[in-house]
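Before any comments, here is the structure.
Chain naming here is simple, since letters A, B, ... match the order of the sequence lines and numbering starts at 1 in each.
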Amino acid sequence: MSAKLWLFKADPKEYSIDDLANEPNQTTSWDGIRNYMARNLIRDEIKKGDKILLYHSNADPKGIVGLGKVVRSAYPDDSALDQTSAYYDPKSAKDNPIWYMVDIKLVEIFPEVIELRELKDTRGLEKMMLTQRGSRLSIQPVRESEWKIIMQLASKVK
DNA sequence: GCCAACGTTGGC
DNA sequence: GCCAACGTTGGC
C-alpha cells in the first residue's frame, strides 16, 4: 500500500517548522490534537511512512512551509493525562485513552512559503480542504493530484 | 481586532 | 436527542 498524503496545521507561535528542525533527530510527537475528526484520522488512517505537508496558520506569511513524514503510527497522547499540560483532558484515562498522536520527522523546509493566497489561486486546488472557506480541521487528507501540484509550486521557487 | 464558521457543551 | 449558547479557529 502506498503512502497516504496529509496536511498538518500548526500555529508557528506555538510550534513552527523551525522548532521541528531543532528537535533531536528532527523528530517530534504531534501531540495536543483535541478534535475528534482529526483524532480519527490520526488513530485510524495515518501510518508510518505517510507524507505530510506542514502548514503555518495564523502567521504572516501563512501557507505550506515544508514537508514531513510519519515515523511512528498512532499511540496514546500522554499529554492528555498530564494535569500540568495545556492539553490535559480529565475525560481521558491511561487504560482508556481518548487522544492519540503520531511521530513525525522533518523532510524539507521550503526556501519560500507557498502562501495560502497562491494555493487558492492555483488551478487544481479548488477542492483542496485547506482552500475551502471555514475549513478548520488541523489534520487534513490531501489528494494525490493536489500533492503533485504543490510539489511543482515548491520546485518553482528553487 | 473583527467576526464567520464550526465544534462542543449542557439544559431541557 | 435537540438545539441554543458558548468557545475556538483562523482568515482577513
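- Close to B:dT8, at under 4.0 Å from its OP1 or OP2, lies no side-chain N or O of A:K91.
- Atoms CG (A:D60) and C1' (C:dC12) sit 11 Å apart, rounded to a whole Å.
- Between the C1' atom of C:dG10 and the CG atom of A:L7 lies a distance of 14 Å, rounded to the nearest Å.
- Between the CG atom of A:L137 and the P atom of C:dG10 there is a distance of 9 Å, rounded to whole Å.
- Listed nucleotides B:dT8, C:dG11, C:dG10 differ in distance to A:K62; the shortest reach to its side chain belongs to C:dG11.
- Atom CG of A:N58 is separated from atom C1' of C:dT9 by 7 Å (rounded to the nearest Å).
- Residues A:A38 and A:I33 approach most closely at CB-CG2, 3.6 Å, considering heavy atoms.
- Between the CG atom of A:D89 and the C1' atom of B:dG7 there is a distance of 14 Å, rounded to whole Å.
- Taking the six-membered ring where the residue is Trp, A:F8 and A:W30 present tilted rings, their angle falling between 30° and 60°.
- The OH atom of A:Y36 sits 16 Å away from the C1' atom of C:dT8 (whole-angstrom rounding).
- Phosphate contact (OP1/OP2 of C:dG10, side-chain N/O of A:K9, threshold under 4.0 Å): present.
- Distance CZ (A:R34) to P (C:dT9): 12 Å, rounded to an integer number of Å.
- Distance from the side chain of A:M37 is smallest for B:dG7 among the nucleotides B:dG7, B:dT8, B:dA5.
- What you find for A:I139 and A:L41 is that their closest heavy atoms are O-CD1, 3.4 Å.
- Aromatic ring centres of A:W99 and A:Y36: separated by under 6.0 Å.
- One interatomic measurement links the two molecules: CZ of A:R136 to P of B:dT8, which rounds to 9 Å at whole-angstrom precision.
- Within the 4.5 Å cutoff, no side-chain heavy atoms of A:L54 are placed close to those of A:I64.
- Checking the phosphate oxygens (OP1, OP2) of C:dG11, a side-chain nitrogen or oxygen of A:Y55 falls inside 4.0 Å.
- Within 4.0 Å of A:K13, counting heavy atoms only, lies no atom of the nucleic acid at all.
- The phosphate of B:dA5 has OP1 or OP2 within less than 4.0 Å of a side-chain N or O from A:R133.
- Note on A:N35: only backbone sugar-phosphate atoms sit closer than 4.0 angstrom, heavy atoms only; bases stay farther off.
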